[in-house]
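These values consider heavy atoms only, across backbone and side chains, with no hydrogens, waters or symmetry-generated copies. Below, read A as the first sequence line, B as the second, and so on, with proteins coming before strands; counting in each chain starts at 1.
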There are 2 protein chains.
Amino acid sequence: MNLSLPSETIFHAIESTIKDYRKFAQKNISEKIKDMTIDQGMVLLFLNEHPELTQKEIAELVFKDNASMTRMINTMVQKKHLKRSINSKDRRRYIIEITDKGKDVLKTLPPIIHQNRNSSLKGITKNELNQLEIILNKIRTNCAKT
Amino acid sequence: MNLSLPSETIFHAIESTIKDYRKFAQKNISEKIKDMTIDQGMVLLFLNEHPELTQKEIAELVFKDNASMTRMINTMVQKKHLKRSINSKDRRRYIIEITDKGKDVLKTLPPIIHQNRNSSLKGITKNELNQLEIILNKIRTNCAKT
DNA sequence: CAAATATAATTGATATATCAATTATATATA
DNA sequence: TATATATAATTGATATATCAATTATATTTG
C-alpha cells in the first residue's frame, strides 16, 4: 500500500489553512477586544442579523454541538454580552438578546473581521474564490454520501 | 459596516469541508478498527515512515501542541500501540517505537485511508486539486504576514 | 383526546486542548 | 570551562468539546 503521508495531502493543506486563519484572526481581535474569542464574536454577528435563531441553529453555524452552545451562551450571559429570556411562543426555546455591552462589541468587531478577511484573501481573484468554493463543495458532497 | 455573515464566507466553507471530511473518515475507520481516532492513526503513519520524529515534530504535523502530544502518546502507550524508550543520543527526547499491536493497525489502516481520500476527492480533477492547493497556500501566506 | 414521537436545551461524566511554569538536558558564548 | 540560552518533554490548572441521559415542552397520529 503506497499511501502518501497525511501532511502531503490536500486535507492537511485545508486544515492548516483554516487553523492559520483562525490564529491570525484571533490575534487581531485580541489586540482590540479583551476576552473575546472568534466563536463568541461569530455568535454575536449571527444573533445580530438573525435574533430569532435557536441555540441549536447557532451551534450548527459555528460548528459546535448543542451542549457546547449551552455552555458558550452561559459564559456570554455571565460576561453580560447576552441576555436569555423565556420564549412564550415555544417554551422549549429561549429568546437570546444582545445587551448594550454586546452591542458595543458589535461596533468594534466588524471592521476587525473585515480587515482579517481582506488581508488574508489579498491577491486572490474573485474567480479563484469561486473555484475554491466549487471544489470544496464537491468534497463536502462526496463526504456526505454514505 | 456591511459585513457578510461568517456562514457566507470562504472560511466557513473551508472549515465545514475539513470537519465533514474528518467525520466521514472517522466513521469509516471506526467501522473497521475499534478505539482508534484519526489523529492516533496519523501519528502511527508518520512514525512508520519517520521513526526519528520527536514528539514536538509529530505534534506540529497533526496540529496539536506539545502538551497534547505528550498525553496522546501516553494513551497510545497505554493501549500498547507505541513504546517509549530513552534516547541516549539526546536525553531530552524519546525513542518512540511502534509495537506489534501498532503494526497490526498499520496493516488495516492504510487501505481505509486510501479509500477515504479517494471517495472524498471523487470527480475532482488533478488540475482542480492543484488550483485548490495554490489558493490555500496564498491564504496561509497572507495569514503568516504580521 | 391520549399516547407516542420529536424537539430544544440542559446536565454529568469524560475526553481533549491550551497555557504557563517546570524539569532535564543540550548547545552557544563570554 | 562556567554561565547563559535553547530545546524537548512534562505537569497542573483551566478551558473547551463530546457523548449519553434527562427534562420540559410541542407536535403528530391512532
Side-chain angles (χ1 to χ4, degrees), chain A residues 15-16 18-20 22-23 25-27 29-30 34-43 46-47 50-79 82-97, chain B residues 15-16 18-20 22-23 25-27 29-30 34-43 46-47 50-79 82-97:
Chain A
E15 188 154 2
S16 168
I18 194 62
K19 297 231 159 138
D20 286 357
R22 270 185 170 268
K23 244 175 234 158
Q26 181 66 66
K27 186 173 142 283
I29 291 171
S30 297
K34 63 165 188 172
D35 196 25
M36 172 65 41
T37 68
I38 298 189
D39 291 321
Q40 289 168 10
M42 289 201 291
V43 170
F46 281 121
L47 279 171
H50 300 291
E52 76 292 348
L53 284 171
T54 64
Q55 295 186 189
K56 191 180 149 70
E57 287 162 339
I58 302 169
E60 197 154 331
L61 287 165
V62 298
F63 305 108
K64 314 272 173 226
D65 77 343
N66 287 357
S68 301
M69 191 44 58
T70 291
R71 280 153 184 152
M72 200 173 156
I73 288 181
N74 285 347
T75 54
M76 293 180 75
V77 168
Q78 275 184 346
K79 297 201 303 188
L82 297 180
K83 181 171 171 297
R84 244 197 287 232
S85 49
I86 289 167
N87 184 337
S88 45
K89 295 268 171 62
D90 183 340
R91 298 172 54 80
R92 290 170 304 183
R93 311 181 182 192
Y94 289 109
I95 291 168
I96 304 171
E97 286 166 290
Chain B
E15 187 154 5
S16 168
I18 194 62
K19 297 230 159 139
D20 286 357
R22 272 187 169 265
K23 244 177 233 156
Q26 181 65 67
K27 187 174 142 279
I29 290 170
S30 297
K34 62 163 189 174
D35 197 25
M36 172 64 42
T37 68
I38 298 189
D39 291 322
Q40 288 167 12
M42 289 201 293
V43 169
F46 281 122
L47 279 171
H50 300 290
E52 76 292 350
L53 284 172
T54 64
Q55 295 186 188
K56 190 180 150 73
E57 287 162 340
I58 302 169
E60 196 154 333
L61 287 165
V62 297
F63 305 107
K64 314 270 174 230
D65 77 342
N66 287 357
S68 301
M69 190 45 56
T70 292
R71 280 153 184 150
M72 199 171 158
I73 289 180
N74 284 347
T75 54
M76 293 179 76
V77 168
Q78 274 184 347
K79 298 201 303 187
L82 297 180
K83 182 171 170 296
R84 243 197 287 232
S85 49
I86 288 167
N87 184 338
S88 45
K89 295 269 171 60
D90 182 340
R91 298 171 56 79
R92 292 170 302 181
R93 311 181 182 192
Y94 288 109
I95 290 167
I96 304 171
E97 285 165 291

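- One can place CZ of F63(B) at 13 Å from P of dA17(C), the figure rounded to the nearest angstrom.
- The separation between E60(A) atom CD and dT18(D) atom P is 14 Å, rounded to whole Å.
- If you take CG of N87(B) and C1' of dT25(C), they are 12 Å apart, rounded to a whole angstrom.
- We find that CG of D65(B) is positioned 16 Å from P of dA15(D), with the value rounded to whole Å.
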* Asked: Quick one: what's the B/S/- string for nucleotides 6-11 of chain C, heavy-atom cutoff under 4.0 Å, read 5' to 3'?
  -> -BSSBB

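- Within a 6.0 Å radius of CZ in R91(A), other residues, nucleotides and ligands contribute 12 heavy atoms or fewer.
- If you run side-chain hydrogen bond (donor to acceptor under 3.5 Å, both in side chains) between T54(A) and each of E52(A), E57(A), K56(A), only E57(A) comes through.
- One can place CD1 of I95(B) at 15 Å from C1' of dT25(C), the figure rounded to the nearest angstrom.
- We find that CG of D39(A) is positioned 11 Å from P of dT18(D), with the value rounded to whole Å.
- Straight-line distance from the NZ atom of K23(A) to the C1' atom of dC19(C): 13 Å, rounded to whole Å.
- Salt bridge absent: D65(A) and R71(A) never bring a charged side-chain N and a carboxylate O closer than 4.0 Å.
- By the 6.0 Å contact criterion, CD on Q26(A) is enclosed, its count of non-hydrogen atoms from other residues, nucleotides or ligands being greater than 12.
- The shortest non-hydrogen separation linking K64(B) to M72(B) is CE-SD, 4.5 Å.
- Residues G41(B) and M36(B) share a closest heavy-atom pair of N-SD, 3.6 Å.
- Checking the phosphate oxygens (OP1, OP2) of dT16(D), no side-chain nitrogen or oxygen of K64(A) falls inside 4.0 Å.
- Atom CD1 of I73(A) is separated from atom C1' of dA17(D) by 15 Å (rounded to the nearest Å).
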